[in-house]
Structures are given as C-alpha cells and as structure tokens.
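Just below is one structure, and these are the notes that go with it.
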Amino acid sequence: MNSLEISTDISSHLHYMRLGSGPAMMLLHGFPENGTLWQSIGERLAKDFTVIIPDIPGAGQSSLDAETVSLEEIADSLKGILDKEQISSILLVGHSMGGYITMAFAEKYPSMVAGISLVHSSAGADGEEKKETRRKSISLIRKGGKKPFVQQMVPALFSEGFKQHNHGVIERQIERGLMLKDESMVAFYTAMMNRPDRIANLKGTDMPVQWIIGKEDSVVAPSAVMQQCSLANVNFVSIYPGCAHMSMLEQPDKLYSDLKEFGIFCYKE
Ligand code: MLT
C-alpha cells in the first residue's frame, strides 16, 4: 500500500492511498468519515483495479486551508491527485457526500470519467427541510455541540437490525466522526447545502451509472433516488434489503461484488 500526499489550492496536505494495479477507481468517503472507511473494500478491489482512496480536504489526514469550501473545489483537488498519478480515466465511487462530489467532478471533467457509482447518494440538491436541519446542526456545532451531534447522527446511519448486534462498529464510527474538526464539519455541511441539483446531468448520458440503495436509508431517501435511476442510458441498480446508509459496513461482501462487477463493465473495452 502506498500512502501519498500532494498539495492543492485548498489543501497543503492532501493525503490518499494508492492500492493495486489495473483500471482505476477512486473511492470517496462521505460525512463524517475519512478514507479509512473504504480501506477494507479497497484492498479487495485492488486485486483487479488501481484503487485511489483520498481523505477529502478537511477530513482524515488532509488539511483544509480555507474557512469555506465548495464541492467543486474538492473535485478540483481530486483531479490534482489523478494528474499526479497520471490517471486519465477513472471510475468514481462516491458514498453519500462523496457521491455529491462525484457529480460535481463528472460535470467538470466528463472526459475523464469511465463511470460513476452513487453509493447511498443522489444527484439532487437539498430540499428546504434538509437545509433547515443542516442550519440547526451548524449552529449546534458552532456552540461547541459536536459531540452530541455526532452521537445522535451516526447511529441513525445504520439499519435497526445492524445496530442491535454491532455496538462496537457504531462506537468506532462515532469516534471517527469526532475526529473531524468543527470547522470542517461546518464547511462540509455548508458545501452540501449549497450544491446545485445535478439530476439533469444524468438525462441521456452515456456514462454508466451505478446506484446502491439501502432500503432502510433515512439519510438519502430510496424513493427520491429511484426517480433518478432510469435517466442515464446505462444504469446498474441494486437495492439492499436490511441495509440503511452504510453498506460498506452493513453488507460489505455484497457491495464489494457489485462494485467489482460494475468496474469490469465500465472498462470492458
Ligand atoms: C453523508 O453520509 O455523507 C451525509 O450524511 C450526507 C448528507 O448529509 O446529505
């Protein structure tokens, strides 16, 4: 495993892992996570693919040298990694916020994208209700309430069945969430709130799109995502019963094999 670093406009330390060899995939984490969330699945995929796993600027070991950041700026920093690694064609796998970044990247750099996998994510923007919830969370974090925020938020990412039997996993995720700086949390929530609706970008696109949907996901509603998954010309749709927002922990074997199958498809010629 290689652990590498570059600097970009918004980050003086942009940390990422490079694993394996072959056609390239980038695994993007969501909120409040860092790249280690993807490590175990990344190591399995690395048998067939070059796998790049970044910590996005402001998460994990990557710095964020600005008070605010947009998803487009994060996409630019990921392009910096690909340029450094001399990768010109990439399958982007984005979990939740990582999927919102994936949509921004695909809009800016379409010729580099071999396919996109939206894992518990959506091409849509936040609705008013969601924005209001985010504003309240930002205000709580700014008042020093990161801990209660993370302790309440993280368990809600998992299905009831999983929660009952996996207390240790949830605790570790809470610890991981608490490692994010207050400023990064506020910056990410603001960036997500400000993202545009990119559903129209899917209509008629020849870029293959994979949809991983947790039937019990309460963060990204399956009903809303289902309306998007016939817009592109090629859609791989997988609905996971008994899974909520965290299939890489709740149902990792299934997610690994779906990502591998999609990766083989995207690079079939
Ligand atoms: C995530 O998992 O990245 C976030 O929960 C997404 C969101 O808040 O929309």
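By convention here, the first residue in the shown sequence is residue 1. Here the structure is a predicted model, which means the values were calculated and not measured. Atoms within a ligand are numbered from 1 in the order they appear, just like the ligands themselves.
K130 NZ: more than 12 foreign heavy atoms inside a 6.0 Å radius.
Taking the six-membered ring where the residue is Trp, H120 and H95 present perpendicular rings, their angle passing 60° and hence far from 30°. The aromatic rings of F105 and Y109 are tilted relative to each other, their planes meeting at an angle between 30° and 60°.
Cluster membership check: V51 shares its hydrophobic cluster with I264, using side-chain heavy-atom separations under 4.5 Å among Ile, Leu, Val, Met, Phe, Trp and Tyr.
For atom 8 (O) of ligand 1, the nearest protein heavy atom (residue, atom name, distance) is R134 NH1, 2.8 Å. Looking only at protein heavy atoms, the nearest one to atom 6 (C) of ligand 1 is S96 OG, 3.0 Å.
E261 has no carboxylate O lying under 4.0 Å from a charged side-chain N of K254, or vice versa, which leaves the two without a salt bridge. With respect to the salt-bridge test (charged N to carboxylate O, under 4.0 angstrom), the residues E107 and R198 qualify.
Of all the heavy atoms of H120, none lies under 4.0 Å from any atom of ligand 1, so neither backbone nor side chain is involved. Under 4.0 angstrom from ligand 1, the non-hydrogen atoms of M153 all belong to its side chain. At a heavy-atom distance under 4.0 Å, only side-chain atoms of M192, from C-beta outward, approach ligand 1.
Within the listing of ligand 1, atoms 5 (O) sit less than 4.0 angstrom from a heavy atom of V219. For ligand 1, the atoms closer than 4.0 angstrom to any heavy atom of M97 are 1 (C), 3 (O). With ligand atoms numbered from 1 in the order given, ligand 1 contributes 6 (C), 7 (C), 9 (O) to contacts under 4.0 Å with heavy atoms of Y100. With ligand atoms numbered from 1 in the order given, ligand 1 contributes 3 (O) to contacts under 4.0 Å with heavy atoms of G30.
The distance criterion of under 3.5 Å between nitrogen or oxygen atoms is not met by G98 with respect to ligand 1.
Proximity of H245 to ligand 1 is established by a heavy-atom distance of less than 4.0 Å.
Cation-pi contact between K268 and F265: present, with separation from the ring centre below 6.0 Å and deviation from the ring axis of at most 45°.
Y267 contributes no side-chain N or O that, together with a main-chain N or O of A114, makes up a donor-acceptor pair within less than 3.5 Å.
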